[in-house]
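Numbers for residues simply follow the sequence, beginning at 1.
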Amino acid sequence: MYEQDDETRKERFDVHNEAEILIKKTEQGLLEKGRNLDKADKKRIKASLAQLKKTVYRSKPATMSADDLLKLKYEKKELENDASILDIL
């Protein structure tokens, strides 16, 4: 019982931390390579970045629901896909 709770808690913290790291890497990648990007790509990355930032800063890993975790995972994956052209991962 407690083992499963610990695994769930660890997963929430891990995904939250990974999302924060992705945010920082994407921001850095935009600063370094943003000038060379197509406007549509840059706009898509910035939109995904803004959405993930909003979710990360509104959610707290200790109190995150299963739905919040799924939303965070989905938005993190979206940003990873959009930011892949920055070669930051």
Side-chain angles (χ1 to χ4, degrees):
M1 180 175 166
Y2 292 115
E3 185 177 321
Q4 186 176 4
D5 290 344
D6 288 344
E7 287 177 20
T8 302
R9 185 176 301 124
K10 182 183 181 320
E11 180 184 18
R12 290 187 307 225
F13 276 93
D14 287 348
V15 171
H16 194 272
N17 288 338
E18 290 168 4
E20 287 181 327
I21 291 167
L22 179 60
I23 289 168
K24 298 294 182 201
K25 285 183 175 182
T26 303
E27 289 174 336
Q28 187 64 35
L30 281 172
L31 284 174
E32 292 173 2
K33 301 176 183 178
R35 291 186 182 107
N36 301 330
L37 292 177
D38 178 55
K39 284 186 179 185
D41 290 337
K42 192 172 180 180
K43 184 176 180 178
R44 190 177 64 249
I45 292 169
K46 284 186 172 186
S48 294
L49 178 62
Q51 187 60 44
L52 182 60
K53 283 172 96 172
K54 184 176 167 183
T55 300
V56 164
Y57 294 117
R58 284 186 176 177
S59 65
K60 304 296 179 222
T63 59
M64 193 182 298
S65 70
D67 288 340
D68 291 339
L69 180 59
L70 286 174
K71 182 179 179 182
L72 185 60
K73 284 180 176 181
Y74 173 79
E75 291 175 1
K76 180 178 160 279
K77 188 67 175 170
E78 285 292 307
L79 182 57
E80 286 172 345
N81 290 338
D82 292 341
S84 64
I85 60 174
L86 294 174
D87 295 323
I88 57 171
L89 303 176

Inter-residue atom distance K43.NZ - L37.CG, 0.5 Å rounding = 14.5 Å

ask   = Given E27 and K53, is the side chain to side chain contact (heavy atoms under 4.5 Å, CB included) satisfied, shown in steps?
value = CA-CA 11 Å; E27 289 174 336; K53 283 172 96 172; 2.7 Å; yes

request  = Would you confirm whether H16, through its side chain, and L72, through its main-chain N or O, come within 3.5 Å as a donor-acceptor pair?
outcome  = no

request  = Using the side chain to side chain donor-acceptor pair (under 3.5 Å) rule, take D82 and S48 through it: C-alpha gap first, then chi angles, then the decisive distance, then the call.
outcome  = CA-CA 7 Å; D82 292 341; S48 294; 2.4 Å; yes

Side chain proximity check, Q51 to T55, heavy atoms < 4.5 angstrom = yes

request  = Starting from the C-alpha separation in whole Å, work towards a yes-or-no answer on salt bridge (charged side-chain N to carboxylate O under 4.0 Å, His left out) for K24 and E20.
outcome  = CA-CA 6 Å; K24 298 294 182 201; E20 287 181 327; over 6 Å; no

ask   = Do L49 and L31 share a hydrophobic cluster, counting only Ile, Leu, Val, Met, Phe, Trp and Tyr and linking them when any side-chain heavy atoms are less than 4.5 Å apart?
value = no

query = Roughly how far, to the nearest 0.5 Å, is the CD atom of E32 from the CG atom of L86?
reply = 9.5 Å

task = Please step through salt bridge (charged side-chain N to carboxylate O under 4.0 Å, His left out) for the pair D41 and R44, ending with a clear verdict.
result = CA-CA 5 Å; D41 290 337; R44 190 177 64 249; 3.1 Å; yes

query = What heavy-atom pair brings K76 and L22 nearest, and what distance separates the two atoms?
reply = O-CD2, 3.5 Å

query = Is there side-chain contact between L69 and T8, with at least one heavy-atom pair below 4.5 Å?
reply = no

task = Could you check if a side-chain atom of M64 sits within less than 4.5 angstrom of a side-chain atom of E11, using non-hydrogen atoms only?
result = no

request  = Run the numbers on D87 and K33 for side chain to side chain contact (heavy atoms under 4.5 Å, CB included), then give the verdict.
outcome  = CA-CA 9 Å; D87 295 323; K33 301 176 183 178; 3.8 Å; yes

ask   = Nearest 0.5 Å, what's the NZ-NZ distance between K39 and K42?
value = 9.0 Å

request  = Might you point out which heavy atoms bring A62 and F13 nearest each other, and give the distance in Å?
outcome  = N-CZ, 3.9 Å

note = Note: A19 and V56 closest approach over all heavy atoms is CB-CG2, 3.6 Å

task = Assess whether side chain to side chain contact (heavy atoms under 4.5 Å, CB included) is satisfied between K54 and R58, documenting all intermediate values.
result = CA-CA 6 Å; K54 184 176 167 183; R58 284 186 176 177; 3.4 Å; yes

Worked verdict on T26 versus L52 for side chain to side chain contact (heavy atoms under 4.5 Å, CB included) = CA-CA 11 Å; T26 303; L52 182 60; over 6 Å; no

request  = Could you tell me whether D6 and R9 have a side-chain N and a carboxylate O separated by less than 4.0 Å?
outcome  = yes

